[in-house]
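Notes to accompany the following structure.
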Amino acid sequence: MAVEVGAQAPDFALRTQHGEQVTLSEFRGERNVVLLFYPFAFTGVCTGELRALRDELPKFVNDDVQLLAVSNDSPFSLRVFAEQEGLEFPLLSDFWPHGETSRAYGVFDEEKGCAVRGTFVIDREGVVRWTVVNGLPDARDLNDYVKALAEL
C-alpha cells in the first residue's frame, strides 16, 4: 500500500546517475519535492514521461521545487539514459538494496522486480500532500503534478 496523503514521507539516501548521494531530508525546510518512481530506464512509457518532464523542467526544478526520479536501475545505466535523453535532473538508483525505497513508499512490484508508476508531492516539512499510483503500462499526466504544486 502506497504512502498516503498526510503521512510523513519516508527518508532515503540514494545515488544519482553521477554517483552523488541524495537524501529526502536535505530538502526539508528548503523546497517541495516531486518524487517520481518509474519502472525502468530505456522503456517506452518511462522515456516518454521523463522527456515530458525534461521539456517542462522549470516547473519542476526551481527555487521552490526539486524533481527526483527513482528507478530500480543501476546508477551506471541511469547515467547513459540521462545522457542519451538530455535529462538534467537527478535520476536516483534504488538498485541496492534492491527496491528498498520503492518498498518504503509502497510502490514496489514484487513479481516484476521494479517500481510501479508512483508519484508523491512532498511539502517542505516532509509531508506527502498529493499522490498518484499507476500500473506499469499507464503513463501519468504531469499537469496533475503542476496543479498539486500550485496548491502548496
Side-chain angles (χ1 to χ4, degrees), residues 2-3 9-124 126 128-146 148-149:
V3 174
D11 199 12
F12 56 79
L14 296 172
R15 299 269 175 206
T16 70
Q17 70 267 33
H18 301 293
E20 301 158 335
Q21 182 172 284
V22 171
T23 63
L24 179 63
S25 56
E26 73 189 64
F27 299 101
R28 186 152 304 161
E30 301 291 324
R31 293 158 107 180
N32 300 304
V33 173
V34 174
L35 181 62
L36 178 131
F37 291 87
Y38 63 100
F40 293 113
F42 301 105
T43 58
V45 176
C46 296
T47 300
E49 285 185 320
L50 294 176
R51 283 177 182 165
L53 288 163
R54 174 199 65 200
D55 295 346
E56 299 291 331
L57 197 57
K59 293 178 182 175
F60 302 104
V61 178
N62 55 56
D63 290 340
D64 295 319
V65 181
Q66 178 62 55
L67 171 64
L68 301 174
V70 181
S71 80
N72 303 117
D73 296 296
S74 74
F76 309 106
S77 63
L78 292 177
R79 185 170 190 163
V80 173
F81 181 55
E83 289 172 0
Q84 178 180 304
E85 297 299 331
L87 305 174
E88 297 179 4
F89 49 89
L91 301 182
L92 304 179
S93 173
D94 190 18
F95 182 72
W96 198 258
H98 190 71
E100 182 176 66
T101 300
S102 304
R103 283 184 182 90
Y105 279 83
V107 296
F108 191 77
D109 183 322
E110 296 291 339
E111 278 188 31
K112 305 278 190 216
C114 66
V116 296
R117 297 179 196 289
T119 307
F120 302 86
V121 173
I122 302 165
D123 70 13
R124 287 177 176 84
V128 175
R129 294 296 177 194
W130 181 88
T131 184
V132 65
V133 178
N134 289 5
L136 292 175
D138 303 321
R140 294 161 283 199
D141 184 348
L142 66 88
N143 292 314
D144 292 340
Y145 318 158
V146 174
L149 288 167

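Values reported hereafter were calculated over all heavy atoms of this structure, with side chains retained and with hydrogens, waters and symmetry mates removed.
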Any idea which heavy atoms bring [X] and [Y] closest together, and the distance?
X: Asn72; Y: His98; value: CB-CE1, 3.7 Å
X: Ala52; Y: Leu142; value: CB-CD2, 3.3 Å
X: Pro137; Y: Val45; value: O-CG2, 4.0 Å
X: Ala104; Y: Pro10; value: O-CG, 3.7 Å
X: Val65; Y: Arg31; value: O-NH2, 3.5 Å
X: Leu67; Y: Pro90; value: O-CD, 3.5 Å

Report task. Inspect the surroundings of CG in Asp63 and state if more than 12 heavy atoms from other residues, nucleotides or ligands are less than 6.0 Å away. Result ->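 No - once you tally the heavy atoms of other residues, nucleotides and ligands closer than 6.0 Å, there are 12 at most.
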Query raised in the report: Should the heavy atoms of other residues, nucleotides or ligands under 6.0 Å from CZ of Phe76 be counted, would the total exceed 12?
Result: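 Atom CZ in Phe76 is not packed in, count stays at 12 or less.
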Requested in this report: Could you check Ile122 against Leu24 for side chain to side chain contact (heavy atoms under 4.5 Å, CB included), going step by step and ending with a plain yes or no?
Outcome: CA-CA 9 Å; Ile122 302 165; Leu24 179 63; 4.1 Å; yes
Requested in this report: Test side chain to side chain contact (heavy atoms under 4.5 Å, CB included) on Thr119 and Tyr145 and set out the steps.
Outcome: CA-CA 8 Å; Thr119 307; Tyr145 318 158; 3.4 Å; yes
If I take atom [atom1] from residue [X] and atom [atom2] from residue [Y], how far apart are they, to the nearest 0.5 angstrom?
X: Tyr38; Y: Asp73; atom1: OH; atom2: CG; result: 6.0 Å
X: Cys114; Y: Phe40; atom1: SG; atom2: CZ; result: 4.0 Å
X: Arg15; Y: Arg79; atom1: CZ; atom2: CZ; result: 13.5 Å
X: Leu36; Y: Leu53; atom1: CG; atom2: CG; result: 6.0 Å

Taking the side chain from [X] and the backbone from [Y], do they hold a donor-acceptor pair closer than 3.5 Å?
X: Asp94; Y: Val70; result: no
X: Glu88; Y: Ala82; result: no
X: Thr131; Y: Phe120; result: no
X: Glu49; Y: Arg140; result: yes
X: Asp109; Y: Val116; result: no
X: Arg117; Y: Leu136; result: yes
X: Asn32; Y: Arg124; result: yes
X: Gln17; Y: Leu91; result: yes
X: Arg54; Y: Phe89; result: no

Query raised in the report: Does the gap between the ring centers of Tyr105 and Phe37 come in under 6.0 Å?
Result: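 Aromatic pair counts; centres sit under 6.0 Å.
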Report task. Dump the intermediate steps for side chain to side chain contact (heavy atoms under 4.5 Å, CB included) on Thr16 and Leu92, then the final yes or no. Result -> CA-CA 4 Å; Thr16 70; Leu92 304 179; 3.7 Å; yes
Report task. Check each of Ser102, Cys46, Ser71 against Pro39 using the side chain to side chain contact (heavy atoms under 4.5 Å, CB included) test, and report the only one that passes. Result ->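 The residue from Ser102, Cys46, Ser71 that satisfies side chain to side chain contact (heavy atoms under 4.5 Å, CB included) with Pro39 turns out to be Cys46.
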Query raised in the report: Is any side-chain heavy atom of Leu149 closer than 4.5 Å to a side-chain heavy atom of Trp130?
Result: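 Not in contact.
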Query - Heavy-atom check, side chain of Glu100 versus side chain of Phe12, under 4.5 Å - result: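 Contact flag for Glu100/Phe12 side chains = no.
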Query raised in the report: Going through the checks in order, is the side chain to side chain contact (heavy atoms under 4.5 Å, CB included) test met by Leu68 and Leu14?
Result: CA-CA 10 Å; Leu68 301 174; Leu14 296 172; over 6 Å; no
